Amino acid sequence: MHTEQVEIYSDASNHAVMRHPGRRFPASLMQGDSLYALCTLADEACRLAKAEGRSRTFDELNELRNQLWERLNHYKRVLTEHNIALPFSEQPR
């Protein structure tokens with residue numbers, strides 16, 4: 001871990017906008033629990049598209065889902081490496 005200054009354009013809860021050093025444009029910061037919620041929503045959308053036989057819709061949704069899960073898995077690895085608890089539970093309800 002290292003510390004750097006970032007430009008914060010908005011620190012609105014769950015909608016922070018900031019620019020990391022070396023980047024031209026600001027980024028939208030997403031909290032880990034919000035990212036996890038989007039991943040599970042994408043899973044359900046894929047399940048429904050597949051069940052309804054919408055193969056083209058499923059393909060597009062599946063690509064979205066895969067990119068979200070890739071980002072979430074990176075987030076989980078980083079938190080684990082730094083001994084930080086996840087802000088969500090992956091246990092089925």
Side-chain angles (χ1 to χ4, degrees):
M1 181 180 85
H2 66 279
T3 303
E4 289 191 46
Q5 288 187 332
V6 297
E7 295 171 356
I8 300 173
Y9 297 96
S10 171
D11 59 1
S13 181
N14 291 322
H15 298 285
V17 177
M18 56 189 64
R19 190 175 68 79
H20 191 272
R23 298 300 302 220
R24 182 173 176 195
F25 295 103
S28 175
L29 176 69
M30 182 180 297
Q31 293 299 121
D33 57 337
S34 297
L35 177 58
Y36 178 73
L38 287 177
C39 287
T40 59
L41 185 62
D43 284 346
E44 181 62 9
C46 283
R47 186 191 69 74
L48 290 172
K50 193 170 192 173
E52 294 173 4
R54 300 172 150 231
S55 61
R56 184 168 174 222
T57 302
F58 172 79
D59 291 344
E60 294 297 321
L61 285 171
N62 195 47
E63 179 62 27
L64 172 64
R65 173 177 65 171
N66 289 341
Q67 289 184 32
L68 287 169
W69 277 104
E70 181 180 328
R71 183 170 293 269
L72 181 66
N73 287 330
H74 174 74
Y75 175 82
K76 289 168 32 180
R77 274 192 306 276
V78 169
L79 266 60
T80 299
E81 289 169 3
H82 293 279
N83 296 314
I84 300 171
L86 296 177
F88 53 84
S89 171
E90 294 184 284
Q91 299 301 316
R93 291 181 185 179

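Small disclaimer: the values here were computed from a predicted structure and weren't measured. Along the sequence shown, the residues carry numbers beginning at 1.
Here the straight-line distance linking atom SG of C39 with atom CD of Q67 works out to 11.0 Å at 0.5 Å rounding. The CG atom of L38 sits 10.0 Å away from atom CG of D33, with the distance rounded to the nearest 0.5 Å. For the atom pair NE2 of H15 and CD of Q31, the computed distance is 10.5 Å after rounding to the nearest 0.5 Å. Taking CG from N14 and CE from M30, the interatomic distance works out to 9.5 Å, rounded to the nearest 0.5 Å.
Residues V6 and Y9 do not share a hydrophobic cluster, clusters being chains of Ile/Leu/Val/Met/Phe/Trp/Tyr side chains in contact below 4.5 Å. Under the 4.5 Å side-chain contact rule for hydrophobic residues, L41 and L61 do not share a cluster. Cluster annotation: L79 is not connected to L29 through the hydrophobic network of ILVMFWY side chains, with a link wherever side-chain heavy atoms come within less than 4.5 Å. If you chain together hydrophobic residues whose side chains sit under 4.5 Å apart, L72 and V78 never meet in one group.
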field: Verdict with supporting geometry, D43 and W69, side chain to side chain contact (heavy atoms under 4.5 Å, CB included)
entry: CA-CA 10 Å; D43 284 346; W69 277 104; 3.0 Å; yes
- request: Applying side chain to side chain contact (heavy atoms under 4.5 Å, CB included), run through E52 and T57 and close with a yes or a no.
  value: CA-CA 10 Å; E52 294 173 4; T57 302; over 6 Å; no
- request: Check the pair R65, N62 against side chain to side chain contact (heavy atoms under 4.5 Å, CB included), reporting the backbone distance first and the verdict last.
  value: CA-CA 5 Å; R65 173 177 65 171; N62 195 47; 2.4 Å; yes
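Atom CZ of R54 sits in a sparse spot, with 12 or fewer heavy atoms from other residues, nucleotides or ligands closer than 6.0 Å. Environment of CD in E70: sparse, with no more than 12 heavy atoms of neighbouring residues, nucleotides or ligands closer than 6.0 Å. Few gaps surround CD on E90; more than 12 heavy atoms of other groups in view lie less than 6.0 Å from it. For NE2 of H74, the number of neighbouring non-hydrogen atoms (other residues, nucleotides, ligands) closer than 6.0 Å is 12 at most.
Side-chain atoms of F25 and R23, non-hydrogen and from C-beta on, never get closer than 4.5 Å to each other. Within the 4.5 Å cutoff, side-chain heavy atoms of K76 are placed close to those of F88.
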